[in-house]
Amino acid sequence: MHADIVIKNGKCITCVDEQQFSWIAIEKDKILALGNNDAYETLTDEKTVVIDAKGSSILPGFIDSHCHVVQTGLNSASLDLSQAYSFDEIGSLIEAAQKKTPGKPIRGIRFQLDNLKEKKFPNRNFIDKCCSDVPVWINTHDYQVSLLNTYAMLYFKIPFTTEGVEMDDKDIPTGIFKTKANAILRANILKNITDTERMKAVWGIMEELLSNGITTLNAMEGGVLYSDKDADFIHEHGKSFPVDMILFNQTMDMEKIQDMKLKRVGGSLYLDGTLGARTAALSFEYADCPGTKGSLCLPQEDIDEFVLKCYKYNLQLSLYTIGDRAIEAALKAHEKALYRTGNVSLRHRLEHVELANEDQVKRAADMGIIFSMQPSYEYFWGGPGKMYEQRIGEHYKKTNRFREIWDSGICICGGTDSDVTPARPILGIYSAVNHPVEEHRVSLQEAIKMFTYNGAYAIFEEKEKGSLERGKLADIIVLDCDIFSIPKEKLKDAQVKTTIKSGEILHNNI
């Protein structure tokens with residue numbers, strides 16, 4: 001028996017009991033063997049592809065446990081405003097985009113209010129000065145607010161009486177759309193995108209995903225702020241892509257889930273909003289907006305009823321919860337459903353879970369609920385002076401408490417929340433190890449496990465992937481360094497040199 005591929009002279013991080021080997025052999029789509037020294041030579045012949053890792057880390061392929069893949073693809077061709085720090089810079093970027101593609105609508109993405117020195121949203125009058133003859137639609141990074149020029153307001157035809165359409169003191173729309181108006185606007189725009197466009201967009205990001213070591217992702221598609229057509233597209237076409245896509249349909253339509261024969265439901269199934277938009281449901285007031293605590297998107301009785309249905313229908317459920325009040329609502333519903341059904345085998349998940357308190361962590365651990373978390377949030381918004389502190393004051397010291405959650409026995413799976421933050425698991429690993437609050441940090445081994453074995457466990461695939469073991473699927477990446485030998489502050493600079501998916505080399509930069 002001979003291997004098709006051998007990776008030698010590496011440091012194989014198996015994610016199993018901290019075992020390490022110096023080489024790994026692949027036959028067809030499976031891991032054939034692992035070992036040390038030169039024992040691999042008995043498995044090679046003239047047809048074997050031998051890759052020299054040169055002392056670098058060899059890891060299981062990354063599993064991105066929370067990714068909006070269709071929107072990531074569509075956004076890849078949009079105008080990135082994440083580095084705009086003033087109205088003037090926004091204006092320059094819009095004008096440049098108009099010159100680059102004259103006559104084409106402009107969609108701006110990743111806009112962050114807190115970046116701007118003006119500390120306010122640009123209205124339609126300002127955007128009109130930059131571009132007035134095509135629709136301009138700007139999205140905040142969390143999709144909670146849309147900014148339109150006058151052309152876009154008239155083009156997209158959202159009634160100005162809709163809740164969330166901001167008006168000026170003369171009762172004229174400012175072009176700033178929030179809450180219901182924003183949701184309707186997004187739904188109307190996104191539903192008109194064709195599957196041909198979706199296919200092109202998703203194929204367009206495959207190299208980016210593979211170059212970042214992602215071999216499996218949880219596709220959070222459909223529902224509020226997105227398009228149900230995205231979920232339908234992944235359901236129909238997901239297997240045509242080289243990266244495995246596990247669909248989480250963000251709907252409460254149980255009949256549709258049953259018709260699609262899905263084993264799970266949810267993802268960004270909103271119980272609350274975001275800290276950035278001050279809509280995450282908190283038990284305390286926002287530091288920068290006294291009197292505001294955010295709100296739940298559903299009454300408790302509706303949450304209870306839906307969660308109970310998932311238990312009865314044997315569906316794994318994933319609920320979006322950021323604030324502690326939303327987490328509490330989810331846990332109460334799970335406790336009631338668990339008491340009524342006794343069903344403990346479904347590995348239910350909470351997504352994001354940024355502000356879970358000690359009692360909530362303990363109760364979630366007791367029920368075996370998985371926390372699907374995004375460590376890179378701390379890189380972008382955590383620590384002194386950043387968005388978390390601006391919004392919630394001293395409570396920022398309690399966000400994303402990885403260490404305590406891990407020690408409670410809860411399985412944490414790691415996601416990127418692309419396109420909200422980049423589809424770079426390495427950045428997530430760096431962020432979990434370098435949490436700005438030291439007591440919340442995890443070890444490098446634990447952080448890697450979030451994006452490998454735990455990710456597989458969270459979708460019932462730990463027997464097939466998530467660790468480097470004989471007989472498992474050959475989803476393997478090779479880095480450009482030994483990440484256990486570099487300073488933890490430099491982890492984010494590590495790069496993926498080779499990505500192997502199911503035994504096939506799909507990215508190679510050696």
Side-chain angles (χ1 to χ4, degrees), residues 65-71 139-146 162-164 177-188 190-191 218-231 247-254 256-257 264-283 286 292-307 309-310 315-334 348-356 360 364 369-374 377 391 415 417-421:
S65 292
H66 191 109
C67 178
H68 304 283
V69 64
V70 176
Q71 289 303 304
N139 300 252
T140 54
H141 70 280
D142 55 7
Y143 305 128
Q144 299 288 312
V145 181
S146 289
T162 305
E163 176 188 343
F177 284 37
K178 301 178 180 179
T179 60
K180 186 176 181 180
N182 177 56
I184 293 173
L185 171 70
R186 287 184 58 82
N188 286 355
L190 297 175
K191 73 180 181 182
N218 297 177
M220 308 296 181
E221 310 296 332
V224 178
L225 298 184
Y226 300 94
S227 171
D228 289 340
K229 289 186 176 182
D230 293 349
L247 174 62
F248 282 73
N249 195 333
Q250 300 169 159
T251 180
M252 296 180 73
D253 185 343
M254 283 296 193
K256 183 173 184 178
I257 294 296
R264 53 186 54 88
V265 62
S268 287
L269 200 57
Y270 292 98
L271 293 197
D272 66 343
T274 69
L275 291 172
R278 304 183 189 87
T279 50
L282 311 179
S283 62
Y286 281 88
T292 300
K293 293 184 177 182
S295 59
L296 293 174
C297 298
L298 295 168
Q300 186 70 53
E301 54 268 28
D302 289 359
I303 300 171
D304 293 347
E305 180 183 358
F306 182 68
V307 171
K309 283 183 180 179
C310 291
L315 287 171
Q316 182 186 29
L317 171 62
S318 180
L319 292 172
Y320 173 113
T321 57
I322 287 183
D324 58 345
R325 274 202 296 137
I327 297 166
E328 184 65 24
L331 292 179
K332 284 181 177 178
H334 276 291
H348 296 300
R349 300 165 38 147
L350 297 184
E351 304 295 320
H352 306 317
V353 214
E354 290 169 59
L355 277 167
Q360 292 168 342
I369 291 176
I370 294 166
F371 282 10
S372 171
M373 304 182 74
Q374 289 63 55
Y377 284 3
R391 291 292 183 271
D417 199 14
S418 179
D419 184 46
V420 175
T421 64

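Since we're looking at a predicted model, the values are computed, not measured. These values consider heavy atoms only, across backbone and side chains, with no hydrogens, waters or symmetry-generated copies.
Proximity of a side-chain donor or acceptor of Asp142 to a complementary backbone N or O of Thr274 within less than 3.5 Å is not detected. Using a distance-only test at 3.5 Å, with no hydrogens or angles considered, no donor-acceptor pair links the side chain of Tyr320 to the main chain of Gly266. Remark: the backbone N or O of Val420 is not paired with any side-chain donor or acceptor of His141 at under 3.5 angstrom. Here the side chain of Gln250 pairs a donor or acceptor atom with the backbone of Gly222 at under 3.5 angstrom. Put simply, the side chain of Lys180 never gets that close to the backbone of Gly164: no donor and acceptor are under 3.5 Å apart. The backbone N or O of Val69 sits less than 3.5 Å from a side-chain atom of Glu221, completing a donor-acceptor pair.
Atom NZ of Lys256 has more than 12 neighbouring heavy atoms from other residues, nucleotides or ligands inside a 6.0 Å radius.
Side-chain contact between Cys310 and Met254: present, with at least one pair of heavy atoms (C-beta onward) separated by less than 4.5 Å. Side-chain contact between Gln374 and Thr421: absent, with no pair of heavy atoms (C-beta onward) separated by less than 4.5 Å. Under the 4.5 Å side-chain criterion, counting only non-hydrogen atoms from C-beta, Leu350 is in contact with Leu331. Residues Lys178 and Gln144 form no side-chain contact, since every pair of their non-hydrogen atoms from C-beta on lies 4.5 Å or further apart. Between Asp419 and Tyr143, the closest side-chain pair of non-hydrogen atoms falls below 4.5 Å. Taking the side chain as every heavy atom from C-beta outward, Leu319 and Val307 approach each other to under 4.5 Å. Leu317 is listed as a side-chain neighbour of Phe306, based on a closest heavy-atom distance under 4.5 Å. Contact annotation: the side chain of Val145 never approaches that of Asn182 to less than 4.5 Å [non-hydrogen atoms, C-beta and beyond].
Considering every non-hydrogen atom in both Ala330 and Leu271, the closest pair reads CB-CD1, 3.8 Å. Closest of all the heavy-atom pairs between Ile322 and Gly273 is CD1-O, 3.4 Å. Across Ala280 and Gly323, no two heavy atoms sit closer than the pair CB-N, 4.1 Å. Heavy-atom minimum distance, Asp228 versus Gly223: OD1-N, 2.8 Å. Listed here is the closest heavy atom pair of Ala281 and Leu296: CB-CD2, 3.9 Å.
Remark: Glu163 CD to Thr179 OG1 distance equals 4.5 Å, nearest 0.5 Å. Between Ile257 atom CD1 and Leu315 atom CG the span is 7.0 Å, to the nearest 0.5 Å. How far CG of Asp272 is from CG of Leu298: 10.5 Å, rounded to the nearest 0.5 Å. Note that the CG atom of Asp304 and the NE2 atom of His334 stand 10.5 Å from one another [nearest 0.5 Å]. Separating the SG atom in Cys297 from the CG atom in Asp302 is a distance of 12.0 Å, to the nearest 0.5 Å. For the atom pair OG (Ser268) and CD (Gln71), the distance works out to 11.0 Å, reported to the nearest 0.5 Å.
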Kindly indicate, with the supporting measurements, whether the criterion side chain to side chain contact (heavy atoms under 4.5 Å, CB included) is fulfilled by Leu275 and Leu355. CA-CA 10 Å; Leu275 291 172; Leu355 277 167; 4.2 Å; yes
Side chain to side chain contact (heavy atoms under 4.5 Å, CB included) between His352 and Thr321, intermediate numbers included: CA-CA 6 Å; His352 306 317; Thr321 57; 5.9 Å; no
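Checked against Asn218 for a side-chain hydrogen bond (donor to acceptor under 3.5 Å, both in side chains), the options Arg349, Glu351, His66, Arg264 give a single hit: Arg349.
Between Tyr226 and Tyr270, the two ring planes are parallel [angle under 30°; tilted spans 30° to 60°].
Screening residues 316-332 for salt bridge (charged side-chain N to carboxylate O under 4.0 Å, His left out) gives Glu328-Arg363 as the qualifying pairs, with residues at least two apart or on separate chains.
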